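Letters A, B, ... are given to chains in the order of the sequence lines, protein chains preceding strands, and every chain is numbered from 1. Note that this is a predicted model, so its numbers are computed, not measured.
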There are 2 protein chains.
Amino acid sequence: MVEHAQEALFRPVRAGNAFEETVERLMQSIRLGVVAPGERLPSERELATRLGVSRVTVREAIRTLQENNYVESRRGRYGGTFVNQEIPKSAPGKEFGDIHDALTLRKVLETGAAEAAAGRSLGPSERRGLRTRLEEASTASLAEYRRKDSRLHLAIAEATGSASLTAAVAEARMRANELLDHIPLLEPNLAHSNAQHERIITSILDGDPASARQAMAEHLDGTASLLRGFLV
Amino acid sequence: MVEHAQEALFRPVRAGNAFEETVERLMQSIRLGVVAPGERLPSERELATRLGVSRVTVREAIRTLQENNYVESRRGRYGGTFVNQEIPKSAPGKEFGDIHDALTLRKVLETGAAEAAAGRSLGPSERRGLRTRLEEASTASLAEYRRKDSRLHLAIAEATGSASLTAAVAEARMRANELLDHIPLLEPNLAHSNAQHERIITSILDGDPASARQAMAEHLDGTASLLRGFLV
DNA sequence: CGCCAATGGCTCGCAGACATACCTTTGGAG
DNA sequence: CTCCAAAGGTATGTCTGCGAGCCATTGGCG
């Protein structure tokens, strides 16, 4: 029996209970900017259906987000649950033992996604979407940068046409961002990042997989080394 | 709000109930050859702990595997649950709509893993492990090839030192294998595969990331095009 | 030969999650 | 001004899964 492979296959079947998982998902969609401040989450009933949990569980999760000032709910038609303008910083802490784990997975998924996206023939709406996200990220302020950045990277993953790859990228980004939240974001980094984004998107739109991969790798290595520098 | 990214983030929080997930994991470990025919699974109590489910649930899952002739259980000390010599073929069917999804994810993860593994400085036991798996795969019969092949690929993922990457590769391989099970495995393919394995492992042991990635990409493209040819 | 440790086999009560139904609030349409 | 659709808020009974404990079986060790 292969001893080490067991660790991967016999890991826990579920990360937490239904409630915790639901909170996690909703927080992800907010932190990654999929639902921006001021915007409305899908209705409780719709979330329950899409997340595959009961409405009770969705409500408990939303109540937790309310208590932590992530969202506010309004009743009545045209009501709903809205993302607050200011959302709390993520709690510090975390085990630093799995930095390698998180960064390795992120690099594999994101460089792979960039390459795969460049290798596909993209439709007009996809090309437009990528340009829009690029533009949004490049004009973002420091405060909203992390969110716009994530939206751009998620758009790249979506451009692969693989839903499970997109989900995996979202997950990996979330883990990486939890670490990145502990280091300062500076204007020079931001400018550098934008230049790299430009290269990545251009390569994808030009259909140059090797170049897209290369550009993404350099982009990620930048933040990765920044992170290691701050934490070690 | 980014509409498409929602699909990834608001997907169901759990793939199935605890029982179904547990059956899935145990079947994976058997089908991927992590626990070979004749070998013993960990005890029910240990599985319950590691999988994070109750022993009752583990037992129900094992009973399902028994009923489908995957395993047999023996009581008493030095008893346990043993994998049968002949395990059933996986049921056909499946949606073919997500072939692209499955193959895209697999390629991204496995080429990334090969590259990452080649980029690390591996310890003696890891190097030995890789050579052993390579040897096992190269001398495998047609019947046991798929299993030995998976073990080799999992060993490569493990060599990245990232547990979550290993888990993701296992998952992706499982999905791809479900598709590959429907096409015949021929001697010439096998010989070709072994040559490619040799290149991959050599590149990893030599610490040549680019070459490892390249070799893995060609290896996977071979089976991918074979699959598309048979199914389209 | 007898003990006993480790395994699978079994049962019962509790807590979490669920489906379902109904209530309350709100603001636009008619 | 009234109505009502759509959203959040609440309550209840059911069922799944869990924890914990005990039983039955087996084979090695003393």
Side-chain angles (χ1 to χ4, degrees), chain A residues 1 6 10-27 29-30 35 38-84, chain B residues 1 6 10-27 29-30 35 38-84:
Chain A
M1 181 148 49
Q6 280 193 32
F10 293 153
R11 72 188 189 284
V13 295
R14 18 196 66 179
N17 54 34
F19 163 72
E20 289 168 345
E21 287 277 281
T22 304
V23 172
E24 193 60 29
R25 281 296 179 77
L26 297 179
M27 278 190 44
S29 58
I30 294 171
V35 184
E39 286 186 341
R40 213 194 67 175
L41 287 173
S43 73
E44 295 178 353
R45 288 169 176 83
E46 186 181 343
L47 280 175
T49 304
R50 291 172 63 174
L51 296 176
V53 299
S54 76
R55 205 184 135 207
V56 179
T57 304
V58 169
R59 299 198 74 256
E60 284 170 350
I62 288 178
R63 196 156 55 82
T64 302
L65 294 188
Q66 288 168 349
E67 287 164 359
N68 289 94
N69 283 107
Y70 280 85
V71 298
E72 279 179 6
S73 294
R74 292 201 291 274
R75 306 226 291 197
R77 188 170 186 174
Y78 307 99
T81 301
F82 297 81
V83 178
N84 287 336
Chain B
M1 183 148 48
Q6 280 193 31
F10 293 153
R11 72 188 188 284
V13 294
R14 18 197 65 179
N17 54 35
F19 163 72
E20 288 168 346
E21 286 278 281
T22 304
V23 172
E24 194 59 30
R25 280 297 179 77
L26 297 180
M27 278 192 41
S29 58
I30 294 171
V35 185
E39 287 186 341
R40 213 195 68 176
L41 288 172
S43 74
E44 293 178 354
R45 289 169 176 84
E46 186 182 343
L47 281 175
T49 303
R50 291 172 64 174
L51 295 175
V53 300
S54 76
R55 208 185 131 205
V56 180
T57 304
V58 169
R59 300 199 74 255
E60 284 170 351
I62 288 178
R63 196 157 55 81
T64 302
L65 295 188
Q66 288 168 349
E67 287 164 358
N68 288 95
N69 282 108
Y70 280 83
V71 298
E72 280 180 6
S73 294
R74 292 200 291 274
R75 306 226 288 199
R77 190 170 185 177
Y78 307 99
T81 300
F82 298 81
V83 178
N84 287 337

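Of all heavy-atom pairs spanning P42(B) and R50(B), the tightest one is CG-NH1, 4.4 Å. The minimum heavy-atom distance linking I62(A) with E44(A) is given by the pair CD1-CG, 3.9 Å. For A48(A) against S54(A), the heavy-atom pair with the smallest separation is CB-C, 3.9 Å.
Between the side chains of T81(A) and E72(A), not a single donor N or O lies within less than 3.5 Å of an accepting N or O.
F19(B) has its CZ atom 12 Å from the P atom of dT16(D), to the nearest Å.
With hydrogens and angles disregarded, a donor-acceptor distance shorter than 3.5 Å links the side chain of T22(B) to the backbone of A18(B). Using modelled atom types, no side-chain atom of E67(B) and backbone atom of T64(B) make a donor-acceptor pair closer than 3.5 Å.
Running 5' to 3' along DNA chain C, contacts with non-hydrogen atoms of chain B at under 4.0 Å begin and end at dA5(C) to dT11(C).
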Give the intermediate values and the outcome of side-chain contact (heavy atoms from CB on, under 4.5 Å) for residues V83(A) and Y70(A).
CA-CA 6 Å; V83(A) 178; Y70(A) 280 85; over 6 Å; no
Annotated protein contacts, base or backbone, on nucleotides 4-11 of chain D with a non-hydrogen cut-off under 4.0 Å, one of B, S, - each
-BBBBBBB
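Applying the salt bridge (Lys or Arg N to Asp or Glu O under 4.0 Å) rule to R25(B) yields no partners; only residues at least two apart in sequence or on another chain are considered.
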